[in-house]
Amino acid sequence: MASMELTSKNFEAAISGQGTVLVDFWAAWCGPCRNFAPVFEAASEKYPDITFGKIDTEAEQQLAAAANITSIPTLMAFRDGILVFSQPGALPAEALEDLIGQVQGLDMEAVKKDIAAGAEV
């Protein structure tokens, strides 16, 4: 499954369901974003069970601001509607693979208990 364009209209629905969602905040003028794009797309083809979304920060400035994006590219990972990772910077393919494995391997019951207890994820 190729990545999908996320906008303020479909962002909440995309991240709030069950499963894993990776979101790439990018802009056309950003060199590192252009370098990361093929890595992100290749992963989207390799992992059809994961939702891969891209947000153009120029077209979706309010959404980027609401997500506190201060540097691009920024990659966010959501699992079962919970933000579990957010970091600026382009990842090499190996690091993205590692991140996907870590997100998929999370014990979400433990994460939910930590959130309920007020701990940082």
Side-chain angles (χ1 to χ4, degrees):
M1 168 192 229
S3 65
M4 62 188 282
E5 180 181 350
L6 295 179
T7 67
S8 57
K9 291 182 171 83
N10 65 358
F11 177 73
E12 194 63 39
I15 66 164
S16 61
Q18 293 296 304
T20 301
V21 180
L22 296 179
V23 180
D24 174 25
F25 288 84
W26 67 282
W29 52 263
C30 167
C33 298
R34 289 193 304 271
N35 291 339
F36 181 59
V39 172
F40 193 75
E41 286 300 319
S44 75
E45 297 294 335
K46 185 174 180 178
Y47 296 97
D49 57 325
I50 296 175
T51 300
F52 287 78
K54 294 181 71 70
I55 297 175
D56 179 349
T57 58
E58 290 295 309
E60 295 293 332
Q61 292 181 14
Q62 288 182 324
L63 184 54
N68 294 317
I69 302 302
T70 57
S71 181
I72 55 174
T74 289
L75 182 64
M76 288 185 173
F78 296 85
R79 173 95 186 272
D80 299 342
I82 299 169
L83 177 64
V84 295
F85 177 86
S86 179
Q87 180 176 304
L91 296 177
E94 303 79 31
L96 182 56
E97 291 274 336
D98 182 55
L99 174 64
I100 290 169
Q102 289 182 50
V103 171
Q104 295 287 73
L106 284 172
D107 177 347
M108 290 309 293
E109 291 306 314
V111 170
K112 290 174 187 174
K113 284 180 185 175
D114 288 347
I115 291 170
E120 288 258 337
V121 176

Do L22 and W26 land in one hydrophobic cluster if side-chain heavy atoms of ILVMFWY residues count as linked below 4.5 Å? no
In this structure, would I55 and V21 fall into the same cluster of hydrophobic residues linked by side-chain contacts under 4.5 Å? yes
Looking at every heavy atom in both [X] and [Y], which two are closest together, and how far apart are they?
X: D56; Y: A27; value: OD1-CA, 4.2 Å
X: P73; Y: A90; value: CG-N, 3.7 Å
X: L91; Y: F36; value: O-CD1, 3.4 Å
X: Y47; Y: F52; value: O-CE1, 3.7 Å

If we only count heavy atoms from C-beta on, is the [X] to [Y] side-chain gap below 4.5 Å?
X: I100; Y: V103; answer: no
X: F85; Y: Q102; answer: no
X: K113; Y: D107; answer: no
X: K54; Y: E41; answer: yes
X: L75; Y: L96; answer: yes
X: P92; Y: V39; answer: no

Taking the side chain from [X] and the backbone from [Y], do they hold a donor-acceptor pair closer than 3.5 Å?
X: R79; Y: V84; value: no
X: D49; Y: T20; value: no
X: D80; Y: G19; value: yes
X: S3; Y: G53; value: no

Quick one: pull up [atom1] in [X] and [atom2] in [Y] and give me the separation to the nearest 0.5 Å.
X: F11; Y: E60; atom1: CZ; atom2: CD; value: 10.5 Å
X: F25; Y: M76; atom1: CZ; atom2: CE; value: 4.5 Å
X: M108; Y: D114; atom1: CE; atom2: CG; value: 10.5 Å
X: Q87; Y: S71; atom1: CD; atom2: OG; value: 10.5 Å
X: F78; Y: T51; atom1: CZ; atom2: OG1; value: 12.0 Å

For E97, the salt bridge (Lys or Arg N to Asp or Glu O under 4.0 Å) test, sequence neighbours excluded, returns K46
How far apart are the C-alpha atoms of K112 and I82, what are their side-chain angles, what is the distance that settles it, and do they pass the side chain to side chain contact (heavy atoms under 4.5 Å, CB included) test? CA-CA 9 Å; K112 290 174 187 174; I82 299 169; 3.9 Å; yes
Could you tell me whether Q104 atom CD has more than 12 heavy atoms of other residues or ligands within 6.0 Å of it? yes
